Protein chains: 2
Amino acid sequence: MASIHDVAKEAGVSVATVSKVINHYPDVSEKTRKKVKNAIELLRYRPNVIARGLVTGRSWTVGVLINIPFTNPYVSMLLEGIKTALENSGYDLMRLSARLNDPGYSFVDHCQSRNLDGVVVFGVEKDHHSIQELIESGIPTMFVDMDATGQRAGNITTENRNGVHMAVRHLYELGHQRIAYLAGVPGQPVNESRLAGYRDGLETSSIPYREDYVVNGDYSYDSGIQGMRMLLQLDQPPTAVVCTSDMAAFGVIHAIEAHGLSVPGDISVVGFDNIYEAELFKPGLTTINQNIHAIGVKSIEELISMIKSAEYPPPVVTEPSSLVIRESTARYSEQ
Amino acid sequence: MASIHDVAKEAGVSVATVSKVINHYPDVSEKTRKKVKNAIELLRYRPNVIARGLVTGRSWTVGVLINIPFTNPYVSMLLEGIKTALENSGYDLMRLSARLNDPGYSFVDHCQSRNLDGVVVFGVEKDHHSIQELIESGIPTMFVDMDATGQRAGNITTENRNGVHMAVRHLYELGHQRIAYLAGVPGQPVNESRLAGYRDGLETSSIPYREDYVVNGDYSYDSGIQGMRMLLQLDQPPTAVVCTSDMAAFGVIHAIEAHGLSVPGDISVVGFDNIYEAELFKPGLTTINQNIHAIGVKSIEELISMIKSAEYPPPVVTEPSSLVIRESTARYSEQ
DNA sequence: CTGAAAGCGCTTACAG
DNA sequence: CTGAAAGCGCTTACAG
C-alpha cells in the first residue's frame with residue numbers, strides 16, 4: 001500500500017499538503033491539488049484509517065455489545081437496522097468479544113483501547129458494573145431496551161406498556177376474562193413496563209389481578225412451554241394468554257396443543273415482537289408489533305449525532321407499538 | 001487514558017522497558033517488572049490496540065463481508081458460530097459497511113485501510129471483482145459456500161451434493177417418482193452442487209430427469225411460493241419437492257395448502273438447512289441438516305491459523321450434511 | 001538488563 | 001499557499 005509519503009514524493013509536495021488535499025482543506029492551490037490528485041490516482045493511494053484515528057482520536061467505528069445470541073430474531077432485526085443505518089455513514093461496525101463474565105475484564109477499557117467513537121448496548125443486565133462504567137466514561141452510548149441515561153448516553157425502546165395494554169383490551173373485547181401473562185425476566189426494565197401494561201389492561205377492563213396468572217420466563221420457546229404447562233395445571237386455567245415474546249408464544253401454543261387443546265378454539269394467544277415467523281406460523285400469531293428495524297436505525301442515527309457533537313443531548317426515544325391481529329385469538333365461547 | 005509514557009514515568013523506566021513488560025519479553029529483571037506492573041495497576045493502563053497495530057501491522061481484527069440480510073436464519077447461525085470462535089481469541093469482529101454496488105469502491109482497500117488481519121466472506125457473487133482482488137491481495141480469507149481459493153484464501157461449505165442426493169433417495173424410498181427440485185440462483189456454486197445432487201438422486205433411482213421439474217428461486221419464502229405455483233400448473237405436478245432452503249420450503253408448503261392440497265398427504269416437501277424453525281413449523285419439516293454453527297466456528301479457527309502463519313495452507317473444508325426426517329414427507333399414495 | 005532513537009502513517013498548529 | 005516539525009501511542013532493532 002502506498003503511504004502519504006509516496007504520494008508526496010510522486011506529486012513533489014510535502015505530506016502536509018497531501019493531507020490537506022485528502023481532507024478537503026480550502027487553502028490549496030488548484031494546481032497542486034491537481035498534482036496531488038493525480039499522484040493519488042496513480043498510486044491507488046487510500047488513507048489509512050487506523051493511523052488517522054491515532055491522531056484525530058476518531059476511529060470511524062461504532063461498537064456493539066450484544067449479549068444475546070444472534071439467532072434470536074429480535075437481535076437479527078436490530079442488527080439489520082443498525083447495518084442499514086451505517087451503510088453510507090462512513091462508519092464500520094465492530095462486535096467486541098467482550099468477556100463480561102470475567103471479573104478482570106473492563107468493557108470501557110476495551111472500547112478505549114479500540115478507540116471506538118460510540119457504542120450501542122443491548123441485552124446486558126442493568127446492574128452489570130460495565131453499564132455504570134460506560135455511562136461515566138463519556139463514551140457516546142445508546143442503550144436499547146434499557147432505561148439508563150448519562151451525560152453522553154441515551155436510550156431507545158418500544159412502547160412496551162401500551163403494547164401489552166392493547167393486547168389485553170383486545171382479548172377483553174373478545175369476551176375473555178381469564179387472561180394470563182407470560183412474563184420475561186423480573187427486574188428487567190422491559191419486563192416491568194410490559195407487566196405494568198398487563199395490569200393497566202386488567203384495570204381498564206375491571207378484571208381483578210391474579211398472581212397465579214403471571215408466570216416468568218426468559219423470552220424463549222422453551223420458557224413458553226414451561227410457563228404454559230404451569231398455567232394449564234391451575235384449577236381454573238386461563239382462556240387467553242399474553243406473552244412477552246413471539247418465541248415464547250410459539251412455545252405456549254405448542255404446550256396447549258400438546259395438552260390436547262387448540263388455539264384459538266380453546267385458548268387465545270398473543271405474542272410480542274411480530275417477528276417474521278409470526279405470520280408464517282400456524283395459526284398466524286396475533287401479536288404486538290415492534291419496529292425493531294427502526295429501533296436499530298434510530299439507535300445509530302442518534303449515536304452518530306452524539307458522536308458528531310458533544311452538545312447533542314442524549315435522546316430518550318420510544319417507538320410506537322401496535323396490535324397485529326391474526327388467527328391465534330378468537331371470541332371466548334363457553335365450552 | 002494513561003499512555004505508555006505515563007506508566008514509564010510512574011515506574012521510573014523507559015517506555016521501551018514498559019513495552020517489554022507488556023509483551024512478556026524475558027529480558028527484564030524481576031525488580032523492574034514489578035515496578036512496571038505496579039505502575040500499570042496504579043494507572044489502570046491498557047495498551048492501545050490501534051497504536052500497537054500501526055507498528056506491528058496487526059489489528060487483532062477480523063472482518064466479515066456478508067452480503068445477505070442478518071435476518072436470514074443461515075446468516076444468524078453463521079454469525080453465532082463466528083462469534084463463539086472469536087470469544088477468547090483476542091480478536092474482535094468488524095462488519096464492514098462495504099459499498100459493493102459502487103464501482104469506485106474497493107473492498108480490499110477498505111480492509112487495508114482498516115488493517116484487518118483476515119476476513120470471512122459470505123453471500124457475494126463469485127464474479128464480483130472484489131473476490132478476485134481479495135484473492136490477489138494476500139489478505140487471509142475464508143470463503144463460505146464459495147469454491148474459491150488462493151495463496152492465502154481457503155473455503156468451507158456443506159456437503160451439498162450428497163445432501164440433496166439423500167433427500168431424493170428418501171423420497172424415492174417412500175415411493176415417489178415425480179420429484180421436483182426448487183433450486184437457488186443458477187451459477188452459484190452451492191446451487192450447482194445441490195442441483196448435481198438432485199440429478200445423482202434421480203439417477204440412482206432410475207428416474208428420468210425432467211426439465212420442467214426444476215425451477216429456480218432465491219432461497220426466500222416468496223420464491224418458494226412462486227416456484228410451487230409454477231409446479232402446480234404443470235399437467236402432471238410432482239408428488240414431492242426438494243427445496244434448496246427451509247424458508248423456500250415453507251413458501252412451497254404455503255402454496256400447496258393455498259391450492260387446497262395438503263403436506264404430506266398430497267405432496268411431500270423437503271427443505272435444506274435445518275433452521276431452528278424447521279422443527280416448530282407445522283408440519284415439522286423434513287430437511288437436510290447443515291452444521292452452520294460449526295461452519296462459522298471453523299471458518300474462524302482456520303482463518304486465525306492462516307493469520308498466525310503465512311505457511312499455513314489455505315484449507316478447503318466440507319462439513320457433512322444429514323437428513324432429518326420429520327412430518328412433511330410421507331409414503332406416496334395414489335389418490 | 002536498560003534505554004535512546006527511529007519509525008508505523010497520519011494530522012495539526014505554526015512559520016514563512 | 002506551502003512545508004518543517006512535533007506528536008498520536010506504540011514497537012523494534014541496536015548500542016551500551
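Nothing here was measured: the structure is a model prediction, and the numbers come from that model. In what follows, chains are A, B, ... by sequence order, proteins preceding strands, each numbered from 1.
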Ile66(B) and Leu79(B): side chain to side chain contact (heavy atoms under 4.5 Å, CB included), yes or no, with the steps? CA-CA 10 Å; Ile66(B) 294 188; Leu79(B) 240 22; 3.7 Å; yes
For Leu54(B) and Glu30(B), find the nucleotide of DNA chain C closest to each by heavy atoms; which residue's nucleotide sits nearer the 5' end? Glu30(B)
Who does dA15(D) pair with, Watson-Crick or G-U, both distances under 3.5 Å? dT2(C)
Rounding to 0.5 Å, atoms CD (Glu301(B)) and CE (Met142(B)) come to a distance of 10.0 Å
So what does Asn48(A) touch, heavy atoms closer than 4.0 Å: a base, only the sugar-phosphate, or nothing? sugar-phosphate
Working to the nearest 0.5 Å, report the span between CD1 of Ile139(A) and CD of Gln151(A). 14.5 Å
Report yes or no: does Asn191(A) contribute a side-chain atom to a donor-acceptor pair with the main-chain N or O of Gly184(A) at less than 3.5 Å? yes
First and last nt of DNA chain D near chain B, cut-off under 4.0 Å to heavy atoms, 5' to 3', are dG9(D) to dT12(D)
Do the charged groups of Arg95(A) and Asp92(B) touch, with an N to O distance under 4.0 Å? no
On DNA chain C, check which nucleotide each of Ser19(A) and Thr17(B) is closest to and give me the residue with the more 5' one. Thr17(B)
Distance-only polar pair, side chains of Thr157(B) and Asp145(B), donor-acceptor under 3.5 Å: yes
Report which part of the nucleic acid Arg46(B) touches: base, sugar-phosphate, or nothing (heavy-atom distance under 4.0 Å, all strands). sugar-phosphate
The residue, Thr56(B) or Lys20(B), whose nearest nucleotide of DNA chain D is more 5′ is Thr56(B)
With nearest nucleotide decided by heavy atoms, which residue, Val55(B) or Ala16(A), maps closer to the 5′ end of DNA chain D? Ala16(A)
